[in-house]
Structures are given as structure tokens and as C-alpha cells.
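Below is one structure, written out as C-alpha cells, with a few remarks after it.
Letters A, B, ... mirror the listed sequences (proteins, then strands); counts begin at 1. These numbers were taken from a predicted model, which means no experiment stands behind them. Only heavy atoms go into these numbers, but all of them, side chains included; no hydrogens, no water, no symmetry mates.
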Amino acid sequence: YKTFYRNPKWDHNDVTYRILNYSPDLDSSVIDDAFARAFKVWSDVTPLTFTRLFDGTADIMISFGKKNHGDFSPFDGKHGTLAHAYGPGKGIQGDAHFDDDEFWTLGKGPVVKTSYGNAEGAMCHFPFVFGGKTYTTCTSEGRADKLPWCATTDDYDRDGKYGFCPSELLYTTGGNSDGAKCVFPFVFLGDEYNSCTTEGRSDGYRWCATTSNYDQDKKFGFCPNRDTTTIGGNAEGEPCHFPFVFLGKEYDSCTSEGRGDGKLWCGTTSSYDDDKKWGFCPDQGYSLFLVAAHEFGHALGLDHSNIREALMYPMYSYVEDFSLHEDDIEGIQYLYGGRTDPKPTVPQPNTPTTTDIPDPDETDSTDEPEPEPEPTNRPTTTTSSPLDPTKDACKVIKFDTITVIGGDLYFFKDGHYWRKSRKEDSALKSPMLISERWPALPAVIDSAFEDVVTKKLYFFSGTKFWVYTGKNVLGPRSIEKLGLPDSVQKVEGALQRGQNKVLLFSGENFWRLDVKTQKIDKGYPKYTDVVFGGVPIDAHEVFLYEGHTFFCRDRFYWRMNSRRQIHVMDAEDNEVESSSDAGPSGMEEP
Amino acid sequence: WSVPLKSVFVTFPGDVIKNMSDTDLAESYLKKFGYMDTLHRSGFQSVVSTSKALQRMQRQLGLDETGQLDTQTLDAMKRPRCGVPDVAN
């Protein structure tokens with residue numbers, strides 16, 4: 001799992017939400033229920049509670065919109081991106097937006113809730129039999145008023161159970177007419193309309209007047225989508241007209257005839273041949289519940305996971321019997337903790353598990369209870385003899401590694417090292433032989449760091465590492481023992497993070513090592529430039545010195561302060577470039 | 001009866017046919033979801049090659065890391081998804 005940069009989270013557990021508008025694809029009660037169930041996914045495993053507000057500002061404001069919908073992140077029409085949400089915070093943060101160019105369902109095709117009739121608002125049952133004929137959509141057969149209806153069991157002839165389907169002939173939503181039905185024809189800007197229209201609106205929503213003259217009465221409402229409402233084409237969401245005639249043949253249901261892509265379509269008037277009005281037929285649609293549960297994960301502070309089965313994986317896939325993946329639970333509990341019920345049903349966060357305990361077979365003396373660290377040889381007490389004092393470290397184009405030991409800066413190159421004392425006026429000392437001070441080490445050191453707690457020195461060369469405690473050495477050991485993959489051929493940089501963690505860099509990736517357990521933490525590798533925005537991805541040295549993080553490449557270094565502001569310097573310490581924007585929002589904390 | 005049925009294809013008015021090439025689609029996807037070309041307000045630009053960006057995308061989505069615009073990658077790019085970028089900047 002991944003959380004957003006700096007782990008934003010709600011500072012209160014009683015989170016509020018408000019539904020600002022509804023999609024015409026689903027009955028409002030179905031949408032309310034889908035959102036409530038989506039919140040319950042998260043409240044089941046955290047101490048969070050979700051309370052719906054009906055006015056004012058809620059933490060999570062939920063809305064449906066199309067294309068440009070007011071947040072500079074326009075939707076892209078049908079398919080593609082389905083929704084997005086913002087991490088916790090004020091203003092737009094925490095809000096969730098759903099693309100209303102999608103066809104919203106519960107994942108298995110149109111969800112048609114009936115009203116009136118004798119089925120007490122039950123859902124349509126498709127297919128159903130009426131008069132011996134099978135229907136897969138609502139129909140107005142058998143009614144003089146043309147109101148669409150459906151059976152709510154599989155056989156109307158047998159059970160007689162029915163209800164009316166959503167239709168503008170029955171009611172509207174939103175607007176200013178309290179749900180009154182459309183009046184056809186109606187007049188708008190002098191023109192007469194016999195069906196719902198998108199004219200006069202830039203958001204693509206279909207509407208109608210609820211009196212015969214909009215220009216005069218200004219009364220309107222939005223048209224609910226019928227189960228046969230078309231998508232795309234040229235009919236602006238008009239419902240299919242069954243039967244319709246195409247190339248002289250009559251069709252009672254959607255067809256793929258005439259198309260090379262196999263997509264189902266229908267005519268929206270009685271004759272396609274005459275009117276050329278058509279649209280694609282509704283498909284399975286996207287589950288509003290599943291998409292909402294994902295988006296609410298963002299609204300609570302979770303970023304995308306790379307576990308395919310996790311809810312927070314960025315791709316949509318329909319699952320019949322949904323349950324949260326362990327990865328999602330770990331993520332949300334990292335932010336908010338587990339449920340505080342007397343009998344929690346899920347593991348509490350940060351509870352040590354057997355996997356957190358180092359494998360005894362892989363431990364050595366460095367894993368035992370920490371002994372008092374032996375005094376580490378300090379540069380001031382080194383017995384190494386100086387080499388040729390004329391060797392100039394400043395002429396080295398590229399060091400093997402640079403690190404800090406005892407507060408002093410060490411430069412390693414081809415079996416030699418230079419030391420720069422932290423004292424202001426201190427110059428680089430003449431080069432020393434690595435083999436004299438650390439005889440177990442090879443000539444080329446790729447990376448090194450000093451454990452801030454135990455003062456042990458870790459050296460990496462190729463796929464091996466050594467641990468020096470004073471003059472005692474352990475190693476060489478394979479870096480695979482630490483949990484690094486065998487694809488890592490060398491560790492190029494090391495960066496202390498707090499007391500027990502060190503970031504190890506190789507190529508464009510880095511891993512976080514728990515120095516105490518000698519294991520790489522879960523969730524790694526990560527991309528270096530994703531977390532340290534603005535630094536080169538091919539740095540050959542990375543180290544921490546006097547509170548700054550340094551990334552070196554050739555004769556340049558990138559110096560990043562704690563606020564992630566970057567200064568790019570050349571070897572003579574001249575500033576080449578600086579950035580006050582090196583802490584991109586949305587980046588994650590290593 | 002052995003003569004094959006003849007299909008008649010019609011040009012539907014208003015049909016939106018996306019003529020985006022695979023390469024265009026990939027570039028648009030990689031940019032939209034944060035995998036390449038991040039421009040900071042300071043003007044400092046981190047440029048990532050398409051191959052690297054593809055590799056990052058493949059890793060993030062759990063695909064085989066080929067760095068190539070192969071079929072599985074294209075299929076993944078065409079799948080419906082959340083609009084929140086995978087790599088924020």
C-alpha cells in the first residue's frame with residue numbers, strides 16, 4: 001500500500017460526507033445505499049465513523065460531473081478514467097468526483113428500481129415474460145399512456161407483480177419543480193421540444209420543462225435515465241425505440257448489425273432508415289459501490305497500491321463478493337489504527353508478527369542484544385600512514401563513494417580515502433590506504449554508512465557487505481541476506497533515516513533497511529526520483545551530511561534540505577540551479 | 001447455402017472513432033498518470049525516457065517489466081481506471 005506524501009489524514013475520527021447531486025443512471029436511494037456501503041468498507045476496519053450531512057460543508061463532498069467539472073482535472077468521456085478523489089484536507093481535499101459520462105450500475109447491467117405499481121419499489125426482473133413474450137428491458141407494451149414498466153418477477157403472467165420504470169413521463173430529478181414530470185411539448189428560447197434535451201447546458205445533462213413554456217415559467221427538472229437510455233451516437237441519450245427498422249428489417253432489441261466492432265446499438269426512433277438517430281445500448285456499467293469504495297480510500301489518505309487484488313489498485317475490475325484486501329487494511333490502519341471494538345475482527349496495526357522477527361538462521365552477532373559499542377577508530381586516532389600528499393582529491397572526477405563517519409566526511413577512491421574534518425578550517429587530509437584501516441575491505445567501496453546508534457560501519461562492494469565494529473569485522477556477506485533482490489549488483493548510496501533505518505540506493509531504486517533487524521522493509525523498492533523529486537535517477541553517491549541530502553553525479557551534486565529544496569552545485573561549489581519546488585505534493589515519505 | 005453471409009457495414013452519423021495511434025495513447029497515458037516529463041514550477045524538468053516510463057508503469061501495475069509497449073501494456077492502458085495519478089508531481 002501507499003499513502004500520499006506526508007501521510008495526510010483526518011485529524012478526527014467522525015468524518016462527515018455530503019452527496020451534492022445524483023447520476024441519472026440510478027435511483028437516488030440506490031446511490032445513497034452504494035455510498036453508505038462504500039464508507040462501511042473502511043469503518044469496518046478502523047475507528048472511523050461516517051456521518052452524512054444534507055447541507056453545509058462536509059469533510060468529503062461527493063458529486064457527479066462530466067468533462068470539465070470545476071477542478072482543473074476534466075473527465076474524459078465514457079470509459080477511461082471513472083472517478084477521482086483528493087486526499088484529506090480542507091477545501092477540495094477529501095472530495096470525490098464521479099464521471100457521469102460513465103454508465104453507473106452495481107456492476108451487472110442496468111439497475112432499475114420501480115415506483116408505483118404493486119411491487120413496493122422492487123427492482124425490475126430481467127428478463128420477464130408478459131403475454132407469452134420475453135422482455136429484457138422496460139416496455140410500454142400494454143399501456144395506452146406509454147409509461148415504461150417492468151415485471152419484478154420472472155413471469156408477469158403468473159405473478160402479476162409490476163412497477164413503473166424511471167421515465168421523464170413519470171418524474172424529474174433536481175431542478176426547481178419538486179420532481180414534477182416533463183410536459184411535452186415545451187417551449188425553450190422560442191423553440192418547441194418533444195423530448196428531453198441538452199440544449200442550453202454545457203454539462204451534457206438532459207432536462208425538460210415541467211410546464212408547457214420554460215421561457216415563461218422557468219420550471220425545469222432533469223430527466224432520469226431509462227434502462228434503454230443510449231450512450232454516444234447522435235441521439236443525446238434518448239432511449240432506444242423498440243421496435244425500430246434498420247435496412248428494412250425490424251428489431252425488437254439491440255443489435256450489432258451494420259457495425260464492424262460488434263458493439264450493440266439501437267435506433268431511438270421507429271425507423272433508423274428514415275431518421276438516422278441511434279446510440280449504443282447500455283452495457284454492464286461500472287459498479288458505483290466498488291468505485292466509490294476505492295475513491296473514499298483516497299479521500300481517507302491512501303494512494304494507489306500495486307497489488308492487483310487490492311481495492312486501491314488503480315484499475316477497475318468487477319468482483320461479485322467484495323472484501324477488503326489485507327494490503328488495503330494494512331494501509332488504512334497505518335493511518336488510523338484498527339477498530340477499537342472490544343473484539344476486533346482484524347489485526348491491530350503495528351502488531352508484531354512472526355515475519356517481523358528475524359530468521360534465526362540469518363542472524364549473526366550483529367542481531368543479538370546490542371553490546372556496548374566498542375570504540376570505533378576515529379580518524380584522529382588512525383594509524384594509517386599518509387600516502388603521496390600531492391594526490392589531489394579535487395581532481396577526482398568521480399569518487400567510489402562518499403560517506404560520513406564520526407561527523408567527518410570521507411571520500412573513497414581506488415583503495416584510498418580522504419577525510420575532511422567537520423571543523424570549518426579543516427582541509428582534506430592526504431589520502432590513506434583503505435587496507436590499513438579496514439583490512440577486510442576490497443579496494444573499491446560502492447557505499448558505506450555508520451549506524452548512528454551502535455556506531456558500526458557498514459561497507460558495500462558489489463554484492464557483498466562488511467560490518468566493522470571497531471577493529472572487528474563481520475563479512476563479507478551477500479546483500480541478498482538483507483533482502484535485496486539478486487538483480488542488485490551494487491549499492492551506490494546510503495542515507496540514514498532516523499535511528500534504525502537506512503535507505504539503500506541502487507540504479508533508479510531505493511530500499512529501506514531496518515538496521516536492527518537487518519532486513520529490508522516491506523513496500524520497497526521505490527523509485528528515487530518519485531520520492532526525491534528533482535534529483536538525477538543515476539546518482540552514483542547518495543549520503544547525508546550536516547542535515548542535507550546529497551546526490552552526486554559526475555562533477556555535480558544535488559543538495560536537498562529538509563524541506564526538499566534543491567540546489568544543484570558543480571565541483572567548485574558554484575550553484576548551477578536551484579529549485580524551491582522540490583517537494584512536489586503527492587510524493588510519498590520514504 | 002454454402003455462400004457466406006454478406007455483412008453490410010454502415011457509417012453511423014456522429015460515431016466517434018478515436019484515431020489515436022498506440023504510441024500517442026501510450027504517451028498520453030504516461031504523462032497523464034505521472035510517469036514521465038514532470039515539470040516543476042521552477043522550470044526544472046525531470047525527463048524520463050519512454051522506455052523508463054513504461055517500465056515504471058509496468059512495475060506499478062504489476063505487469064512484466066519489459067520497458068516495451070507490448071500487448072499487455074497497451075491492454076492495461078485501455079482499461080478503465082481511477083483518475084488519480086500513480087506518480088504525483
Discussion item. Could you tell me if A/Lys526 sits above the aromatic ring of A/Tyr524, with its cationic atom closer than 6.0 Å to the ring centre and no more than 45 degrees from the axis?
Written reply: yes
Discussion item. Report which part of B/Lys78 has an atom under 4.5 Å of a heavy atom belonging to chain A: side chain, backbone, both, or neither.
Written reply: neither
Practice prompt. Heavy-atom distances under 4.5 Å only: say whether A/Ala235 touches chain B with side chain, backbone, both or neither.
Written response: neither
Worksheet item: Taking the side chain from A/Lys277 and the backbone from A/Asn234, do they hold a donor-acceptor pair closer than 3.5 Å?
Response: yes
Worksheet item: What part of B/Leu63 lies closer than 4.5 angstrom to a heavy atom of chain A: side chain, backbone, both or neither?
Response: both
Discussion item. Could you check whether A/His79 and A/Tyr316, counting side-chain N and O atoms only, form a donor-acceptor pair closer than 3.5 Å?
Written reply: no
Worksheet item: A/Phe280 ring centre to A/Arg259 NZ or CZ under 6.0 Å, with the angle to the axis within 45°?
Response: no
Response to the item:
Applying a strict 4.5 Å limit to non-hydrogen atoms, the region of A/Ile307 in contact with chain B is neither
Item to complete: Identify which part of A/Ser305 has an atom lying under 4.5 Å from any heavy atom of chain B, answering side chain, backbone, both or neither.
Response: backbone
Practice prompt. Kindly confirm or rule out an SG-SG distance below 2.5 Å between A/Cys254 and A/Cys240.
Written response: no
Item to complete: Mind ranking A/Arg308, A/His84, A/Glu508 by heavy-atom pairs under 4.5 Å with chain B and telling me who comes out on top?
Response: A/Arg308
Response to the item:
In terms of heavy-atom pairs under 4.5 Å with chain B, the winner among A/His298, A/Glu295, A/His294, A/Glu102 is A/His298
Discussion item. As an exercise: rank B/Gly62, B/Ala76, B/Pro13 by heavy-atom pairs under 4.5 Å with chain A and give me the winner.
Written reply: B/Pro13
Worksheet item: Within 45° of the axis and under 6.0 Å from the centre of the six-membered ring of B/Phe33, does NZ or CZ of B/Lys31 qualify?
Response: no
Discussion item. Heavy-atom cut-off 4.5 Å, strictly under: side chain, backbone, both or neither for A/Phe246 against chain B?
Written reply: side chain
Worksheet item: How about A/His69 and A/Asp71: does a side-chain donor come under 3.5 Å of a side-chain acceptor?
Response: yes
